[in-house]
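I have placed the structure first, in the form of structure tokens, so that the comments after it can refer back to it.
These numbers come from a predicted model, not from an experiment.
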Amino acid sequence: MTAALGTFTIRPLDPSPSSQLLPRALDCTRAGETPLRRGEPLSDAELVHGWVTHPKAAFWLMSDAKLQDVEREYLAIAAHPHHDAFIGLYDGEPAFLMERYDPAEVELKGLYEAEPGDIGMHFLVAPADTPLHGFTLAVITTVLEALFADPSVRRVVVEPDVRNTAVHALNKAVGFEVLGEIAKPEKNALLSACTREQFAAATGGSA
């Protein structure tokens, strides 16, 4: 996504210590603006550890995590057939964490009625000394553009904590509709979904 703020790109976390790129990359080059690479749990672990343990990331539920906990978490995600992790870049610098998952197999399995073309998503913006106005909205817009770049994706599903009112407002701004409250083992969540059409209508674009 290219916005007044700058340019966003997304790279995947790679589980190998050598930080080799995995051969498969999420195709998010809509309009040629958002190339992606998968994550690198070992090389990125220290970076992500600082993000998920920051006080502003309390709803990520890893506030007390040690570096080794983060390594294990993202190695497991990288090895999972239905879960991926990515690092988002802003003007070439790491700026956010993105996770993509199959909600029929991960996070929401058995908790909602999945539809064909559903994809689940988490995102976390890195803490900043000087926040930029509109930055988090630009990040979630970039994330949805990345997900909808896959033609098989018809709807993005999220399950934020019911207390996370800031994220609820962001979700509404990009087209999410609340489906209802659900009880997960770790939290009470506000199940919400956004179709291609809802995203396009909310953002004035095409998905």
Side-chain angles (χ1 to χ4, degrees), residues 10-16 21-30 34-41 44-45 48 52 59-62 69-88 96-125 139-162 164 167-168 170-171 174-200 207:
I10 303 173
R11 62 172 176 80
L13 270 150
D14 182 342
S16 63
L21 295 184
L22 294 178
R24 183 168 66 95
L26 175 62
D27 180 10
C28 181
T29 54
R30 189 162 76 88
T34 328
L36 303 171
R37 76 166 180 75
R38 289 183 186 282
E40 299 162 357
D44 287 338
V48 172
V52 300
F59 288 113
W60 202 261
L61 302 179
M62 293 188 76
D69 299 327
V70 174
E71 289 178 348
R72 282 193 294 269
E73 174 74 10
Y74 286 95
L75 280 167
I77 288 174
H80 200 289
H82 303 292
H83 204 164
D84 302 287
F86 302 87
I87 297 292
F96 65 93
L97 174 64
M98 166 187 164
E99 294 181 13
R100 174 186 66 175
Y101 63 90
D102 180 350
E105 300 292 339
V106 179
E107 294 283 359
L108 292 169
K109 185 176 183 179
L111 295 178
Y112 90 116
E113 193 169 334
E115 296 182 3
D118 279 0
I119 197 76
M121 175 274 286
H122 297 142
F123 82 100
L124 176 68
V125 176
V139 167
I140 192 173
T141 302
T142 296
V143 168
L144 264 68
E145 286 177 345
L147 296 172
F148 284 127
D150 180 347
S152 70
V153 173
R154 298 175 57 188
R155 188 173 72 157
V156 179
V157 180
V158 295
E159 25 73 45
D161 194 297
V162 294
N164 195 346
V167 161
H168 301 331
L170 281 168
N171 288 344
V174 294
F176 278 92
E177 175 185 6
V178 174
L179 302 181
E181 189 172 325
I182 58 171
K184 298 187 67 187
E186 75 280 13
K187 64 186 179 184
N188 289 327
L190 199 66
L191 182 67
S192 305
C194 180
T195 65
R196 286 179 177 277
E197 295 75 18
Q198 287 171 319
F199 177 58

How many angstroms lie between [atom1] in [X] and [atom2] in [Y], if you round to the nearest 0.5 Å?
{"X": "D44", "Y": "E71", "atom1": "CG", "atom2": "CD", "answer": "11.0 Å"}
{"X": "I119", "Y": "D150", "atom1": "CD1", "atom2": "CG", "answer": "7.0 Å"}
{"X": "E145", "Y": "I140", "atom1": "CD", "atom2": "CD1", "answer": "11.5 Å"}
{"X": "L61", "Y": "K184", "atom1": "CG", "atom2": "NZ", "answer": "9.0 Å"}
{"X": "M98", "Y": "T142", "atom1": "CE", "atom2": "OG1", "answer": "10.0 Å"}
{"X": "L97", "Y": "I87", "atom1": "CG", "atom2": "CD1", "answer": "5.0 Å"}

What are the two closest heavy atoms between [X] and [Y], and how far apart are they?
{"X": "Q198", "Y": "G175", "answer": "CB-O, 3.4 Å"}
{"X": "P151", "Y": "A149", "answer": "CD-O, 3.3 Å"}
{"X": "A183", "Y": "L111", "answer": "O-CD2, 4.0 Å"}
{"X": "V162", "Y": "A189", "answer": "CG1-C, 3.6 Å"}

Side-chain heavy atoms of [X] within contact of [Y], under 4.5 Å:
{"X": "T195", "Y": "F176", "value": "no"}
{"X": "C194", "Y": "E177", "value": "no"}
{"X": "L191", "Y": "V178", "value": "no"}
{"X": "V174", "Y": "F199", "value": "yes"}
{"X": "L170", "Y": "F123", "value": "yes"}
{"X": "E99", "Y": "Y74", "value": "yes"}
{"X": "L179", "Y": "S192", "value": "no"}
{"X": "F59", "Y": "L124", "value": "no"}

Inspect the surroundings of CD in E113 and state if more than 12 heavy atoms from other residues, nucleotides or ligands are less than 6.0 Å away.
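Atom CD in E113 is not crowded, with 12 or fewer foreign heavy atoms closer than 6.0 Å.
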
Salt bridge or not for K187 and D161, using N-O below 4.0 Å?
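A salt bridge is absent here (no side-chain N lies under 4.0 Å from a carboxylate O).
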
Should the pair E115-R154 be classified as a salt bridge under the 4.0 Å nitrogen-to-oxygen rule?
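Not counted as a salt bridge, because no side-chain N and carboxylate O are separated by less than 4.0 Å.
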
With a 6.0 Å cut-off on ring centres, are Y101 and H80 close enough?
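Ring-ring flag for Y101/H80: false, centres at least 6.0 Å apart.
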
Check: [Y] main-chain N/O paired with [X] side-chain donor or acceptor under 3.5 Å:
{"X": "H122", "Y": "R100", "answer": "no"}
{"X": "R196", "Y": "F148", "answer": "yes"}
{"X": "E105", "Y": "D102", "answer": "no"}

Should R155 and V157 be marked as a side chain to side chain contact (heavy atoms under 4.5 Å, CB included) after you check the CA-CA gap, both sets of side-chain angles, and the distance that decides it?
CA-CA 6 Å; R155 188 173 72 157; V157 180; 4.1 Å; yes

